Amino acid sequence: MRIDVVTLFGEYLAPLELSLIGKARRDGLLGLHVHDLRDFAHDRHRTVDDTPVGGGAGMVMKPGPWAEALDAVVAAGRAELGEGAEPLIVFPNPAGTPFAQATAHAWSERPWIVFACGRYEGIDERVYEHLADAGREVALASLGDYVLNGGEVAVLAMTEAIVRLVPGVVGNAASLVEESHSDGLLEYPLYTKPASWTAPDGTVRDVPEVLLSGNHERIAAWRAEQSLARTRERRPDLLA
Ligand code: JB8
């Protein structure tokens with residue numbers, strides 16, 4: 001899978017060198033390319049923003065650098081993947097469609113995703129029109145109902161959620177089917193040894209007896225009941 005990121009703050013993406021994602025890159029399962037939007041601004045000050053037409057607070061990202069950057073990234077990706085290759089271009093945006101585990105699964109099957117990180121108040125609307133007219137596949141994706149300073153942190157989160165679902169990236173594929181949201185419910189409570197643990201305040205805390213029973217049917221039933229109870233309590237919206 002190939003992932004491109006266009007950003008003003010490439011340093012924000014440094015964590016993608018680490019751990020699981022870094023290993024996927026070294027193993028050749030992921031090609032990650034970070035591009036500086038400012039390389040596509042051609043005036044003396046390499047300007048990428050300007051004041052909002054019609055008035056209002058803050059600054060708006062100029063359309064020119066974005067159109068040039070995305071056209072260049074598409075051309076570079078096609079040189080690697082083939083001239084017929086078509087990326088999904090994702091703009092993290094608090095006004096986008098919610099990004100969920102189902103989105104991560106769907107996008108983990110894509111050969112190529114381009115993330116476009118906005119900053120300031122956002123990007124000139126004509127960039128989206130330009131991409132749509134060029135026949136590009138575009139998605140606006142929101143991590144949740146809160147506002148970040150830009151798309152970079154959302155790209156870190158989405159990239160990790162997507163790449164860990166690419167076959168071969170997570171060593172134990174079975175752990176992917178037991179986690180929260182894999183079946184639309186929250187995960188059941190987890191315990192490890194010792195079965196009887198004395199907390200720092202002296203309280204003895206035992207693992208639920210059913211988990212020590214060796215009765216796999218009873219254990220599965222208890223876990224299913226716990227998942228459902230937790231989901232009803234914490235995330236009733238998931239049951240509706
Ligand atoms: C300016 O919260 B976010 C997000 C916030 C942003 C921009 C992009 C994404 C651009 N603020 O996902």
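It should be emphasised that the depicted structure is a prediction, and the values quoted were computed from it without experimental measurement. Numbering starts at 1 and runs along the sequence shown. Just so you know, ligand 1 is whichever comes first in the structure, and atom 1 is the first atom listed for that ligand.
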Give me the residue, atom name and distance of the protein heavy atom closest to [atom].
atom	value
atom 7 (C) of ligand 1	Gly150 CA, 3.7 Å
atom 9 (C) of ligand 1	Pro92 O, 3.2 Å
atom 1 (C) of ligand 1	Tyr120 O, 2.9 Å

Open item on the list: Could you work out, for atom 3 (B) of ligand 1, the closest of Ala116, Pro94, Ser142, Cys117 by heavy-atom distance?
Closed with: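 Going through Ala116, Pro94, Ser142, Cys117 one by one, Pro94 has the nearest heavy atom to atom 3 (B) of ligand 1.
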Task: Linked, directly or transitively: Leu37 and Val60 (ILVMFWY side chains, under 4.5 Å) - done: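 In one cluster: no.
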TODO: Would you please classify the geometry between the Phe9 ring and the Tyr12 ring as parallel, tilted or perpendicular, with 30° and 60° separating the classes?
DONE: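 If you compare the ring of Tyr12 with that of Phe9, the planes turn out perpendicular.
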- [ ] Report the part of Tyr146 (side chain from C-beta onward, or backbone N, CA, C, O) that has a heavy atom under 4.0 Å from ligand 1; answer both or neither where that applies.
- [x]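 For Tyr146, the contact with ligand 1 is made by the backbone alone.
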Open item on the list: Looking at His216, I'd like to know if its NE2 atom is crowded, meaning that more than 12 non-hydrogen atoms belonging to other residues, nucleotides or ligands lie closer than 6.0 Å.
Closed with: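 Open: at most 12 neighbouring heavy atoms sit under 6.0 Å from NE2 of His216.
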- [ ] Evaluate whether atom CD of Gln101 has more than 12 neighbouring non-hydrogen atoms of other residues, nucleotides or ligands under 6.0 angstrom away.
- [x]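 For Gln101, atom CD is crowded (more than 12 foreign heavy atoms under 6.0 Å).
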Open item on the list: With a 4.5 Å cut-off on side-chain heavy atoms, are Arg25 and Glu17 touching?
Closed with: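 They are in contact (side-chain heavy atoms under 4.5 Å apart), so the answer is yes.
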- [ ] Considering the heavy atoms of Val147, write down every atom of ligand 1 situated less than 4.0 Å from one of them.
- [x]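 The atoms of ligand 1 under 4.0 Å from a heavy atom of Val147 are 2 (O).
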Open item on the list: Closer than 4.0 Å to some heavy atom of Gly118 - which atoms of ligand 1 meet that?
Closed with: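 Under 4.0 Å from Gly118, ligand 1 has these atoms: 7 (C), 10 (C).
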Task: Closest non-hydrogen atom pair, Val169 against Ala24 - done: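 Heavy atoms of Val169 and Ala24 come nearest at CG2-CB, 3.9 Å.
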- [ ] Return a yes/no value for Leu148: is any of its N or O atoms, backbone included, closer than 3.5 angstrom to an N or O of ligand 1?
- [x]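 So ligand 1 has an N or O lying under 3.5 Å from an N or O of Leu148.
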Open item on the list: Going by side chain to side chain contact (heavy atoms under 4.5 Å, CB included), Leu88 matches just one of Phe115, Trp107, Trp112. Which one?
Closed with: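 Exactly one candidate clears the test, Trp107.
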TODO: Please state whether Leu143 comes within less than 4.0 angstrom of ligand 1, counting heavy atoms only.
DONE: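 No heavy atom of Leu143 comes that close to ligand 1.
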